[in-house]
A.B. asks: 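I am attaching a structure below and will ask some questions about it afterwards.
Counting starts at 1 for both ligands and their atoms, in listed order. Small disclaimer: the values here were computed from a predicted structure and weren't measured.
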Amino acid sequence: TYQLNPEPTPAVRGFATLTSRRLGLYPVVDTVEWVQQCLQWGITTLQLRLKRPPDEEAEAAIQQAVALANHHQARLFINDHWQLAIKHGAFGVHLGQEDLYDADLNAIQQAGLALGISTHGYAELLRAIRLCPSYIALGHIFATRTKDMPSSPQGLARLKAYQVLQQSIPTVAIGGISQSRVDKVLACGVDGIAMVSAITAAENPQQVAKGLMEKMERYYAQ
Ligand code: TZP
Ligand code: MG
């Protein structure tokens, strides 16, 4: 079994590898309606982040979102609710640091689900690397109003340094990334950019998402 503390974690390979390591524009949304919207725009990797207990409503939303994502052959990561993600055959699970103590990582791995892990600094990044997840989220890069963050923003210099530290696991930047900051974040070498408010609070979310998807495709094609 995986042990995080105080024993060192064994370096076990096996969380689903992303066949296309670029996650590109990675919207993080909180309703099935948003999942549907994103899929219609052609988003290929996305996250359903339901900040609620694993009740009937959560399960219904996860079931519907998974069905929609599978229909579009998109990679849907379920935040927190790893049991429901396994039960309904989601592509992957996204876990924060505190979730790593409770979640059964072996069960996630054995069910063939991908795993993404949030990190907020060097120590957490090292710990995440040892678990060999499918991707690592690095954040928050800039100040954000979407989530209360106890730590300070990582900034672009650290984001860039983290890419030098390890290249084998795909990385995603998150936190305070607005449309106008995307170029600078891409230049740090990340494989994906996770966004909440830049998309969901946009006046025209579709236009923003399409523009960013095109920008990222152009960037990665270079
Ligand atoms: N995890 C770290 S920052 C964040 C999450 C879920 C919120 C990012 O939201 P936004 O609106 O893109 O800053
Ligand atoms: Mg969590």
Side-chain angles (χ1 to χ4, degrees), residues 2 4 15 23-31 34-35 37-38 43 45-55 58 61-62 76-86 90 92-105 107-108 113-125 127-128 131 133-156 158-159 162 171-186 188 190 192-203 205 208-209 211-213 215-216:
Y2 290 95
L4 293 166
F15 287 103
L23 292 96
L25 179 61
Y26 181 26
V28 177
V29 297
D30 60 1
T31 65
W34 275 116
V35 168
Q37 288 284 297
C38 291
I43 292 286
T45 309
L46 71 171
Q47 183 184 130
L48 179 63
R49 182 171 178 268
L50 300 169
K51 285 295 164 190
R52 54 176 303 123
D55 54 14
I62 289 168
L76 175 69
F77 286 83
I78 303 297
N79 190 298
D80 289 344
H81 300 294
W82 59 273
Q83 279 130 322
L84 292 173
I86 293 174
V93 176
H94 182 92
L95 298 177
Q97 292 291 313
E98 63 289 352
D99 307 314
L100 294 175
Y101 292 96
D102 302 324
D104 184 344
L105 300 187
I108 296 168
L113 271 68
L115 175 68
I117 298 180
S118 287
T119 66
H120 310 89
Y122 185 64
E124 291 182 2
L125 174 58
R127 189 167 84 152
L131 294 171
S134 312
Y135 73 85
I136 294 176
L138 306 161
H140 51 309
I141 305 305
F142 305 103
T144 175
R145 280 194 225 159
T146 307
K147 181 183 174 184
D148 280 335
M149 304 301 298
S151 51
S152 46
Q154 301 279 320
L156 291 169
R158 281 204 210 173
L159 181 62
Y162 294 154
T171 54
V172 171
I174 185 165
I177 305 176
S178 56
Q179 249 182 303
S180 60
R181 286 167 160 165
V182 162
D183 289 303
K184 284 180 184 152
V185 174
L186 283 175
C188 293
V190 295
I193 297 186
M195 286 179 160
V196 181
S197 56
I199 295 171
T200 59
E203 219 164 281
V208 171
L212 291 175
M213 286 161 68
K215 182 193 277 280
M216 286 187 218

A.B. asks: Could you tell me if any non-hydrogen atom of V28 lies under 4.0 Å from any atom of ligand 1?
C.D. replies: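 Not so, V28 does not reach ligand 1.
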
A.B. asks: Going by heavy atoms in the side chains, are L138 and Q154 under 4.5 Å from each other?
C.D. replies: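 Not touching, per the 4.5 Å side-chain cut-off.
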
A.B. asks: Below 30° counts as parallel, above 60° as perpendicular, anything between as tilted: where do the rings of Y26 and Y135 land?
C.D. replies: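 Rings of Y26 and Y135: perpendicular, over 60°.
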
A.B. asks: Answer whether the closest heavy-atom distance between the side chains of F15 and L105 falls below 4.5 Å.
C.D. replies: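 Yes, at least one pair of side-chain atoms sits under 4.5 Å.
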
A.B. asks: Any donor and acceptor pair, going by atom type alone, linking the side chain of S134 with main-chain N or O of G116 inside 3.5 Å?
C.D. replies: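 Answer holds: no.
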
A.B. asks: Within the structure, is a non-hydrogen atom of A198 found at a distance of less than 4.0 Å from ligand 1?
C.D. replies: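 In this structure, A198 fails to qualify as a contact of ligand 1 - no heavy atom is under 4.0 Å.
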
A.B. asks: Restricting to N/O/S atoms, is D99 within less than 2.8 Å of the Mg ion (ligand 2) or not?
C.D. replies: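 Given the 2.8 Å cut-off, D99 counts as a ligand of the Mg ion (ligand 2).
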
A.B. asks: Can you sort out which atoms of ligand 1 are near R49, meaning under 4.0 Å from one of its heavy atoms?
C.D. replies: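 Counting atoms of ligand 1 from 1, those under 4.0 Å from R49 are 6 (C).
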
A.B. asks: Which heavy atom of the protein is the closest neighbour of atom 7 (C) of ligand 1, given with residue, atom name and distance?
C.D. replies: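 Scanning the protein heavy atoms, the shortest distance from atom 7 (C) of ligand 1 goes to T146 CB, 3.9 Å.
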
A.B. asks: Got an N/O contact under 3.5 Å between M195 and ligand 1?
C.D. replies: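 Between M195 and ligand 1 (N or O atoms, distance only) the closest approach is not under 3.5 Å.
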
A.B. asks: Give the residue, atom name and distance (to 0.1 Å) of the protein heavy atom nearest atom 12 (O) of ligand 1.
C.D. replies: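 Nearest neighbour among protein heavy atoms for atom 12 (O) of ligand 1, to 0.1 Å: V196 N, 3.0 Å.
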
A.B. asks: If we only count heavy atoms from C-beta on, is the H94 to V28 side-chain gap below 4.5 Å?
C.D. replies: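 The answer is no, as the side chains (C-beta and beyond) never meet within the 4.5 Å cut-off.
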
A.B. asks: D80: which N/O/S atom is nearest the Mg ion (ligand 2)?
C.D. replies: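 It is OD1, the N, O or S atom of D80 closest to the Mg ion (ligand 2).
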
A.B. asks: Donor-acceptor pair, D102 side chain versus D99 backbone, under 3.5 Å?
C.D. replies: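 Not a single qualifying donor-acceptor pair exists.
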
A.B. asks: Pull out every atom of ligand 1 sitting under 4.0 Å from any heavy atom of G175, numbered as shown with elements.
C.D. replies: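 Selected atoms, number and element: 3 (S), 8 (C), 13 (O).
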
A.B. asks: Under 4.0 Å from any heavy atom of K147, which atoms of ligand 1 are there?
C.D. replies: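 Near K147, meaning under 4.0 Å from one of its heavy atoms, ligand 1 has 1 (N), 5 (C), 6 (C).
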
A.B. asks: Is the closest side-chain heavy-atom distance between K147 and H140 below 4.5 Å?
C.D. replies: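 The answer is no, as the side chains (C-beta and beyond) never meet within the 4.5 Å cut-off.
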
A.B. asks: In a check of side-chain contact (heavy atoms from CB on, under 4.5 Å) between L25 and each of I199, T45, V208, which one passes?
C.D. replies: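 Going through I199, T45, V208 one by one, the side-chain contact (heavy atoms from CB on, under 4.5 Å) with L25 is satisfied by I199 alone.
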
A.B. asks: Looking at ligand 1, does any of its N/O atoms fall within less than 3.5 Å of an N/O of S197?
C.D. replies: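 Looking only at distances, the answer is yes, because the N/O contact criterion of under 3.5 Å is met.
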
A.B. asks: Between T119, I174, L138, flag the one that comes closest to atom 5 (C) of ligand 1 by a heavy atom.
C.D. replies: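 Among T119, I174, L138, the closest heavy atom to atom 5 (C) of ligand 1 comes from I174.
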
